[in-house]
Structure formats: C-alpha cells, structure tokens
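First the structure, in the form of structure tokens, and then the observations on it.
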Amino acid sequence: GLFAISENVGAKVHTNSWGSPSNVYSSNAQDTDEFSWNNQENLVLFAAGNDGDRGILGQPSTAKNCLSVGASMERNTGGSCPVNDNGLACEENLAYFSGIGPRFDGAIKPD
C-alpha cells in the first residue's frame, strides 16, 4: 500500500505533497481512508494541491480520513496578497493558488 515503507519503520505521521488536480474519490484516496481506519494511531496529511485558482481540490487529499493541508501565504509589506488572473487573493493567509474545496461531495476541505 501507500504507507507500507513508513509503517515498517514505525512512522506514525505521514506527510505527502503529491497528487493530481482532480476532485474525485480516487483509488489513492480510498487506500488512504482504509489505512487510516485500520491504523488509527497514525495521522496522514496530504497537500490540497496547487490549483485553487481554478477551484480544484487535488486528490488524494479528497480522502475522508486524512488531514488536507492548504498552502499559506504571508501578506506582503503592502498589506495585501497578490491577486491571480481570476481576481482571487489570499484570505486569512490562504494562498490564492492553494487547492480549495469543497470536496466532490460538498465536504469542507482543506481541513
């Protein structure tokens, strides 16, 4: 599975900065949910992706039992965040490019 190597060395926190820009319940998301359910002493984190300017949450951060982490951005010295082509700026330091939800079933993500 996705977490076999880290599980074999005793890791309990799994951070992952990979995925694809598709807001679906993929086989990787399903594997993440199954691992998390069967290994509740573990914490699995996934980056929400870098396609927030297109309104996309990346999978496998779409898993139900993982912590989806959005990108943050510090406000620049002018007191505002950069604005992308769609007019989106960062709110409460959420980077405009961060993967954003809701998830395919309406659940709030990133967590």
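- Among all heavy-atom pairs drawn from Gly19 and Pro60, the shortest one is CA-CD, 3.8 Å.
- Residues Pro110 and Ser68 approach most closely at CB-O, 3.4 Å, considering heavy atoms.
- Relative to the ring axis of Tyr25, Lys64 places its NZ or CZ within 45° and under 6.0 Å from the centre.
- Side-chain atoms of Asp33 come within 3.5 Å of backbone atoms of Asn65 as a donor-acceptor pair (strictly under, hydrogens ignored).
- A pairwise comparison of heavy atoms in Cys66 and Asp111 identifies O-OD2, 3.3 Å as the closest pair.
- Under the 3.5 Å distance criterion, the side-chain polar atoms of Asn23 are matched with a main-chain donor or acceptor of Phe104.
- To the nearest 0.5 Å, atom CG of residue Leu57 and atom CD1 of residue Ile108 are 11.0 Å apart.
- Remark: side-chain polar atoms of Thr62 are paired, donor with acceptor, to backbone N or O of Val24 under 3.5 angstrom.
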Under 3.5 Å donor-acceptor pairs involving side-chain atoms of residues 2-13, not counting sequence neighbours:
{"residue": "Ser6", "atom": "OG", "partner": "Phe3", "partner atom": "O", "Å": "3.2"}
{"residue": "Ser6", "atom": "OG", "partner": "His14", "partner atom": "ND1", "Å": "2.9"}
{"residue": "Asn8", "atom": "ND2", "partner": "Ala4", "partner atom": "O", "Å": "3.2"}

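- Note: Asn16 CG to Leu67 CG = 11.5 Å, rounded to the nearest 0.5 Å.
- Put simply, Phe97 and Val69 are part of two different groups of oily side chains (I, L, V, M, F, W, Y) that touch within less than 4.5 Å, one to the next.
- Side-chain contact between Glu41 and Asn39 is present, with heavy atoms from C-beta onward closer than 4.5 Å.
- Legend: residues meeting side-chain contact (heavy atoms from CB on, under 4.5 Å) with Ile56, ordered by chain and number and at least two apart, are Pro21, Asp51, Arg54.
- Side-chain N or O atoms of Ser98 include one that pairs as donor or acceptor with a backbone N or O of Ala71 at under 3.5 Å.
- Although no hydrogens or angles enter the test, the distance criterion places a donor-acceptor pair under 3.5 Å between the side chain of Asp105 and the main chain of Ala107.
- Contact record, Ser20 with Gln59: OG-NE2, 2.7 Å, taken as the closest heavy-atom pair.
- Scanning all heavy atoms of the two residues, the minimum distance from Ala47 to Ser61 falls at O-CB, 3.4 Å.
- Residues Val44 and Trp18 share a hydrophobic cluster, clusters being chains of Ile/Leu/Val/Met/Phe/Trp/Tyr side chains in contact below 4.5 Å.
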